[in-house]
Amino acid sequence: MPTLATHADPAPSRSIAEAVNRWFAGAARPLPWRAADVSPWAVLVSEFMLQQTQVARVQPRWEEWMRRWPTPADLAAAPPSEAVRMWDRLGYPRRALWLHRAATEIVERHGGAVPRDLDALLALQGVGPYTARAIAAFAFGERHPVVDTNTRRVIARAVGGVAEAGPPATARDLDAMSSLLPDDAAAARAFNAGAMELGATVCTARSPRCDDCPIATHCAWRAAGYPEYDGPRRARQARFEGSDREARGLVMRELRAAHRPVAPRELADVVAEPGRLARAVDGLVADGLAVRVEGGLALPEA
DNA sequence: AACGCGTGGAT
DNA sequence: TATCCAAGCGT
């Protein structure tokens, strides 16, 4: 029976997972939300904070957050304004609102306990394909493929032989990870975390440290001679300086600090251009991050 | 499907 | 210094 395989390895997927897990067993960073005794809620909070935000920035905020609101019910009992204030400058403050909403949903629908079921997780505000599977896998040990930007890059390189992953395609990305995932739930959990860790610390976007890579001998990109990427590039982020996005951040900073309604006049001091300020305020109100009240603009109290 | 959404670390 | 891009999500 002829085969296209030209190498001796009959199960490259299994080899990759085994090599990653061997490496991860010794290389895993001691992140606090990975401790054996943390609650599913603690894992959920970490995953919200880690959406598009690096570990180093999340860690201190996560510690404070868990001290103040150790359970979903604790957060649900606080006003959204306090969640947004505690979020401080972590970025994408909508996530603070989503986390508060998710806590309320957990209390109302699940008796205050983070659900284990994937569909129940996906139904929570702010929980998408990545976060739902991360919680199921890391908090509950369920066997699911967990795919984040790091994992996508590792698979693109090691399996696909290309330098970058290209635009996300959730179904295909999950399938690709599934084909590498060990059958054993504990090994699958470790591989999900290990692939992310490898992408975050070794197989990085900018300057990958291929000399230190535990799967270098399995890597299709390496075997191909590290060809440059020629596929579709992700659209460049718009310039931040002078953007509406920056204006939103400046307005939010005022609202967090004020503890009282902020008058339009005060906002004009931080965003001088009227059109830009108006777009920022309208957008924040539409997102529920700000409410128009007597005397100006404020954070949502409920 | 492509876009908008904050902030700051890394190079 | 400027640019890239980061444990994504909702629309």
Side-chain angles (χ1 to χ4, degrees), chain A residues 28-29 31-34 42-62 84 87-99 101-102 121-139 144-154 163-174 177 192-201 203-209 229 232-256 271 279-280 282-284 286-290:
Chain A
R29 293 168 292 178
L31 305 178
W33 45 85
R34 285 178 178 162
V43 173
L44 184 151
V45 171
S46 78
E47 295 299 346
F48 270 72
M49 291 184 171
L50 287 163
Q51 291 170 6
Q52 293 282 280
T53 307
Q54 303 92 325
V55 163
R57 296 182 56 208
V58 164
Q59 190 159 335
R61 184 71 44 207
W62 180 88
V84 172
W87 198 262
D88 197 39
R89 302 182 60 175
L90 204 49
Y92 292 143
R94 292 189 293 191
R95 292 182 293 166
L97 231 41
W98 293 344
L99 182 50
R101 176 86 61 86
L121 288 164
L122 284 166
L124 298 174
Q125 180 68 37
V127 174
Y130 163 76
T131 304
R133 289 172 179 79
I135 294 167
F138 302 141
H144 293 292
V146 180
V147 179
D148 78 331
T149 187
N150 294 301
T151 300
R152 279 167 32 75
R153 184 174 52 252
V154 168
E164 299 182 23
T170 303
R172 276 197 300 282
D173 295 339
L174 289 173
M177 187 58 173
N192 279 317
M196 290 167 59
E197 187 87 342
L198 186 63
T201 63
C203 191
T204 54
R206 283 281 196 119
S207 305
R209 301 165 40 221
Y229 183 68
R233 305 299 298 261
R234 190 172 49 187
R236 244 189 56 154
Q237 273 186 12
R239 180 177 184 81
F240 184 67
E241 314 296 330
S243 67
D244 290 355
R245 209 163 168 171
E246 179 188 40
R248 286 171 57 109
L250 293 169
V251 170
M252 287 304 295
R253 189 191 295 213
E254 294 302 306
L255 298 188
R256 286 194 306 264
V271 181
R279 287 193 302 275
D282 288 348
L284 291 171
D287 288 345
L289 279 166

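So that the names make sense, note that chain A is the first sequence line, chain B the second, and so on, each numbered from 1. Atoms considered below: every heavy atom in the structure, side chains included; atoms not considered: hydrogens, waters and symmetry mates.
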So what does [X] hit on the nucleic acid, given a heavy-atom distance under 4.0 Å: a base, only sugar-phosphate, or nothing?
X	value
A205(A)	sugar-phosphate
L31(A)	base
W33(A)	base
V127(A)	sugar-phosphate
R34(A)	base

Rounded distance in Å between the C1' positions of dA7(C) and dA2(B) | 22 Å

Write down the distance separating the P atoms in dT3(C) and dG6(B), rounded off to the nearest Å.
-> 22 Å

For the side chain of [X], counting heavy atoms from C-beta on, which of [options] is nearest?
X	options	result
P129(A)	dC4(C), dC9(C), dG8(B)	dC9(C)
T131(A)	dG10(C), dA7(C), dG8(C)	dG8(C)
Q51(A)	dC5(B), dA7(C), dG8(C)	dG8(C)

Go through the side-chain N and O atoms of T53(A) and R95(A) and say whether any donor and acceptor fall under 3.5 Å apart.
-> yes

From [atom1] of [X] over to [atom2] of [N], roughly how many Å is that when rounded to an integer?
X	N	atom1	atom2	answer
L124(A)	dG10(C)	CG	P	10 Å
L121(A)	dC9(C)	CG	P	12 Å
Y92(A)	dA6(C)	OH	P	12 Å
D244(A)	dC5(B)	CG	P	6 Å
D88(A)	dG8(B)	CG	C1'	13 Å
E246(A)	dT7(B)	CD	P	9 Å
R233(A)	dC5(C)	CZ	P	6 Å
R133(A)	dG8(C)	CZ	C1'	13 Å

Test R61(A) against W87(A) for side chain to side chain contact (heavy atoms under 4.5 Å, CB included), laying out the working first.
-> CA-CA 7 Å; R61(A) 184 71 44 207; W87(A) 198 262; 5.7 Å; no

Tell me which of A235(A) and A56(A) sits closer to the 5' end of DNA chain B, going by the nucleotide each one is nearest to.
->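 Counting from the 5' end, the first nearest nucleotide belongs to A235(A).
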
Let me know, please, whether P93(A) or S207(A) comes out on the 5' side of the other along DNA chain B by nearest nucleotide.
->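 Of the two residues, P93(A) wins.
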
With distance as the sole criterion, do the side chain of [X] and the base of [N] form a donor-acceptor contact below 3.5 Å?
X	N	answer
R239(A)	dT3(C)	no
Q237(A)	dC5(C)	yes
R236(A)	dT3(C)	no
R245(A)	dG6(B)	yes

Do any side-chain nitrogens or oxygens of [X] fall under 4.0 Å of OP1 or OP2 in [N]?
X	N	result
R89(A)	dG8(B)	yes
R253(A)	dG6(B)	no
T53(A)	dA6(C)	no
Q52(A)	dA6(C)	no

Does the [X] side chain pair with the main chain of [Y], one donor and one acceptor, at a distance under 3.5 Å?
X	Y	answer
N192(A)	H144(A)	yes
R209(A)	T201(A)	yes
E164(A)	R233(A)	no

Let me see the working for D88(A) and R256(A) under side chain to side chain contact (heavy atoms under 4.5 Å, CB included), right down to the final yes or no.
-> CA-CA 8 Å; D88(A) 197 39; R256(A) 286 194 306 264; 3.9 Å; yes

5'-most by nearest nucleotide on DNA chain C - E197(A) or W98(A) |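 Result of the comparison: E197(A).
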
Minimum side-chain heavy-atom gap Q51(A)-Y92(A) below 4.5 Å | no

